[in-house]
Amino acid sequence: MRKQLSIFAVLMLLLPNYASAAEKTETEKKNRTEPREKVVTAAASLYSGNAVIIDHYLSDQEYTGPVLGGTLEFGAMYKRSETLSWDLDLTYLGRGYSQSTLIQNISNPAGTSAYKINRFNADYGTYYNWNPAKNLYIKAGGNLDILFGMLFGVPDHVNNKVSADFQTQIKAGAGIKYGWNFKKCGLALQANIEVPFIGFALSGTKFSSSVDSIIGAGILGGSANPFCFTSLHNLTGYNADIEAELIIRKTTIFLAYESNLRTWNIHDVQNVRKFNMTRIGLRVDLATFSRLNSTNRFF
């Protein structure tokens with residue numbers, strides 16, 4: 001009888017440990033089959049819009065015309081954070097030149113001169129995210145933007161033919177997003193704005209390009225320092241967009257209107273780059289579960 005009671009007491013002592021172990025195993029199994037929402041989002045989109053360009057090194061006139069491009073975007077929450085996100089955007093904008101009267105160029109008002117443009121941007125940002133109400137998301141933070149662009153004057157720019165743009169800017173940014181979730185799809189609207197406030201820019205003078213100042217080209221190389229500190233006193237602008245999204249499980253189709261402006265005056269040379277564009281694209285969550293009704297932030 002005592003032996004039976006001893007066995008029963010041992011079993012009673014082991015039972016809580018067995019239940020705890022079983023519960024832990026079940027939790028681990030659930031975590032393996034239902035991963036946490038550390039999603040990497042990838043997106044690709046196409047740009048179409050209008051450019052306004054002023055470059056007083058090439059010409060004192062305003063040039064306008066169509067511009068095309070595309071962008072790749074990646075974003076996620078940081079691995080050990082539920083509120084901090086990052087994103088990386090790679091963007092190209094460009095426009096060639098055609099002598100055909102049927103094809104519009106980026107040209108001066110008389111149509112006698114035009115610009116060819118190639119422009120590359122790499123932008124890395126970090127943001128804090130808040131979710132003050134269901135389906136309402138707010139973010140604020142900063143990013144580092146690196147720009148490289150080439151502007152070619154065609155076909156009759158005899159003296160000044162090429163202008164180079166190179167800038168590194170630290171920008172402050174914020175965004176807001178609100179969504180509606182239905183049974184099999186979702187809708188969302190978002191708006192973002194970014195403002196550059198400090199950085200460096202490459203700039204020539206009215207008499208020599210920045211490239212001449214670096215390599216010493218021409219009869220007399222440029223004497224001005226082409227690498228210039230920038231802040232709100234000599235460079236201003238913004239990046240702003242409004243976007244509508246249709247969310248279907250892991251895939252999002254989006255349509256956006258975007259306006260980008262940079263204006264700077266360095267070495268008494270005025271420059272303006274303004275792009276008003278429509279963007280359409282596809283965003284995919286690189287994970288095995290649906291974005292609908294999830295707690296993903298937007299990036």
Side-chain angles (χ1 to χ4, degrees), residues 30-50 69-91 121 123-143 171-195 238-261 275-299:
K30 185 177 180 181
N31 288 336
R32 287 196 299 268
T33 58
E34 298 181 12
R36 296 181 68 191
E37 295 187 2
K38 299 298 183 182
V39 185
V40 175
T41 296
S45 56
L46 297 175
Y47 283 101
S48 176
N50 185 71
T71 184
L72 294 175
E73 303 169 275
F74 305 92
M77 304 300 293
Y78 281 101
K79 188 172 291 186
R80 292 180 176 83
S81 176
E82 296 295 331
T83 59
L84 198 62
S85 67
W86 63 265
D87 61 23
L88 173 65
D89 300 345
L90 304 173
T91 304
N121 273 86
D123 189 302
Y124 181 84
T126 296
Y127 298 91
Y128 283 99
N129 292 257
W130 296 272
N131 182 205
K134 184 178 180 181
N135 297 330
L136 175 64
Y137 302 99
I138 299 172
K139 70 176 183 179
N143 51 19
K171 302 183 295 184
I176 185 169
K177 177 178 178 180
Y178 188 80
W180 298 267
N181 292 323
F182 306 104
K183 188 174 182 181
K184 294 184 178 181
C185 67
L187 295 174
L189 295 174
Q190 66 169 284
N192 302 278
I193 188 167
E194 299 171 346
V195 178
Y238 62 82
N239 291 19
D241 68 81
I242 300 174
E243 182 177 306
E245 301 178 344
L246 173 63
I247 305 166
I248 305 172
R249 294 183 61 81
K250 295 187 296 177
T251 302
T252 300
I253 302 170
F254 60 90
L255 177 67
Y257 174 78
E258 185 169 326
S259 181
N260 297 338
L261 172 67
F275 304 94
N276 294 321
M277 300 166 292
T278 301
R279 181 163 57 102
I280 186 170
L282 190 68
R283 183 176 294 115
V284 178
D285 289 338
L286 305 181
T288 57
F289 58 88
S290 171
R291 173 183 279 259
L292 291 175
N293 296 306
S294 71
T295 60
N296 279 303
R297 308 313 197 256
F298 66 104
F299 24 74

Can you name the closest pair of heavy atoms from [X] and [Y] and give their distance?
X	Y	value
A43	F254	CB-CE2, 4.2 Å
Y238	S259	OH-OG, 3.3 Å
Y78	S85	CE1-O, 3.5 Å
W86	Y124	CB-OH, 3.5 Å
I138	P132	CD1-CG, 4.1 Å
M77	E82	CE-O, 3.3 Å

Inset, instruction - Compute whether any side-chain donor of one residue and acceptor of the other, for E194 and N192, lie under 3.5 angstrom apart. - result: no
Legend entry - Residue L255 excluded, over 12 heavy atoms near CG under 6.0 Å: yes
Legend entry - Y128, OH: over 12 other non-hydrogen atoms inside 6.0 angstrom: no
Got a second to check how far [X]'s [atom1] is from [Y]'s [atom2], nearest 0.5 Å?
X	Y	atom1	atom2	value
Y257	D241	OH	CG	11.0 Å
L282	I253	CG	CD1	6.0 Å
T278	L46	OG1	CG	12.0 Å

[X] versus [Y]: any side-chain heavy-atom pair under 4.5 Å?
X	Y	answer
K177	K139	no
W180	L189	yes
I176	L136	yes
F275	E258	no
L187	L246	yes

Is there a donor-acceptor contact under 3.5 Å from the side chain of [X] to the main chain of [Y]?
X	Y	result
N131	A133	yes
N129	T83	yes
D123	N121	no
T71	L90	yes

